[in-house]
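Indexing begins at 1, ligand by ligand and atom by atom, following the structure's order.
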Amino acid sequence: MISKKMSDSLNTHMNLELFSAHLYLVMSSCANEMGLKGAANWFFVQYREEMIHFMKFYTYLTDQGAVIAMPASKALPNKYKSLLDMMQKTLAHENLITACINELTEQAVQEKDHATQIFLQWFITEQIEEENNDRDLIAKLKLVGDTGHGILMIDSEMAQRVFVAPVGSPLAV
Ligand code: FEO
């Protein structure tokens, strides 16, 4: 049993995870349009991961007996200067997600909601990995100058990313 306040906060965040999925799906198409097929793959894998995150929140809320609410979705940006620009915006977005997960955890602690604290643990760890991956790519893109042969090398590296559904994940799309 979770409080209405906790359930509302989790619902808000669930929608932010869906927003993240759509943000990265659009980025995938932008990378594809730039001729960066590897980066397009990387963002598509990220889209699929975000759909898993969204479904984790959905499943947790419905398991707790909540009825979800979904607001109309906002238009997403679909113009980027470069792959570096996309990666910097990705990291900024993930920093926001991390802050939100931390706030949710703080709320769960204050409410002595142990189940929600346990649920959120997975996301705390996941955010460390996501931010780290983004920082690595940004550093490499800065090294090669975001143009020329170097970027093709990074694009090839990004092509290697494979989607792996987490154990017990509620959805593999
Ligand atoms: Fe679902 Fe990228 O955090």
Side-chain angles (χ1 to χ4, degrees), residues 2 6-32 36 38-64 66 68-71 73-78 80 83-108 113 115-141 154 157-173:
I2 58 175
M6 191 77 246
S7 153
D8 286 349
S9 299
L10 293 169
N11 194 126
T12 299
H13 190 82
M14 177 192 74
N15 285 306
L16 192 55
E17 293 288 350
L18 188 60
F19 175 88
S20 307
H22 293 162
L23 178 70
Y24 298 136
L25 187 61
V26 175
M27 283 187 182
S28 177
S29 74
C30 291
N32 184 65
L36 299 169
N41 168 70
W42 192 94
F43 282 111
F44 191 73
V45 171
Q46 191 62 36
Y47 153 73
R48 296 184 73 185
E49 287 201 358
E50 299 300 346
M51 287 302 291
I52 295 285
H53 301 174
F54 162 70
M55 286 305 298
K56 275 180 178 278
F57 276 88
Y58 169 83
T59 304
Y60 182 69
L61 281 165
T62 52
D63 284 352
Q64 290 278 15
I68 66 153
M70 299 192 74
S73 52
K74 290 191 288 186
L76 289 149
N78 67 352
Y80 295 96
L83 181 55
L84 177 60
D85 183 33
M86 278 195 275
M87 285 313 308
Q88 285 173 326
K89 286 180 172 130
T90 295
L91 179 58
H93 183 69
E94 290 306 326
N95 288 339
L96 169 75
I97 298 287
T98 300
C100 292
I101 294 286
N102 288 342
E103 274 179 33
L104 287 172
T105 306
E106 190 55 39
Q107 184 181 338
D113 180 344
T116 300
Q117 286 176 55
I118 291 166
F119 168 70
L120 291 169
Q121 285 301 308
W122 185 89
F123 288 92
I124 291 170
T125 310
E126 173 72 7
Q127 284 310 117
I128 295 169
E129 186 190 318
E130 291 214 4
E131 289 184 4
N132 195 30
N133 290 342
D134 298 344
R135 271 195 306 271
D136 280 355
L137 282 165
I138 288 168
K140 284 179 189 168
L141 286 166
I154 292 172
E157 183 184 320
M158 292 175 91
Q160 305 306 313
R161 187 177 186 193
V162 175
F163 172 73
V164 181
V167 178
S169 90
L171 179 73
V173 288

How about H13 and E17: does a side-chain donor come under 3.5 Å of a side-chain acceptor?
-> yes
Would you kindly say whether E50 and Q46 are connected by a side-chain donor-acceptor distance under 3.5 Å?
-> yes
Counting backbone and side-chain atoms alike, does E50 have an N/O/S atom under 2.8 Å from atom 2 (Fe) of ligand 1?
-> yes
Specify whether an N/O/S atom of E49 falls short of 2.8 Å from atom 2 (Fe) of ligand 1.
-> no
Atom 2 (Fe) of ligand 1 - name of the N/O/S atom of E130 that sits closest to it = OE1
Before giving the answer on side chain to side chain donor-acceptor pair (under 3.5 Å), spell out for Q64 and S7 the whole-Å C-alpha distance, their side-chain angles and the decisive distance to 0.1 Å.
-> CA-CA 9 Å; Q64 290 278 15; S7 153; over 6 Å; no
Shortest-distance N, O or S atom of H53 relative to atom 1 (Fe) of ligand 1 | ND1
Give a yes or no on whether Y58 atom OH has more than 12 heavy-atom contacts from other residues, nucleotides or ligands under 6.0 Å away.
-> no
Strictly under 2.8 Å, is any N, O or S atom of E17 next to atom 1 (Fe) of ligand 1?
-> yes
Could you tell me whether K140 and D136 have a side-chain N and a carboxylate O separated by less than 4.0 Å?
-> no
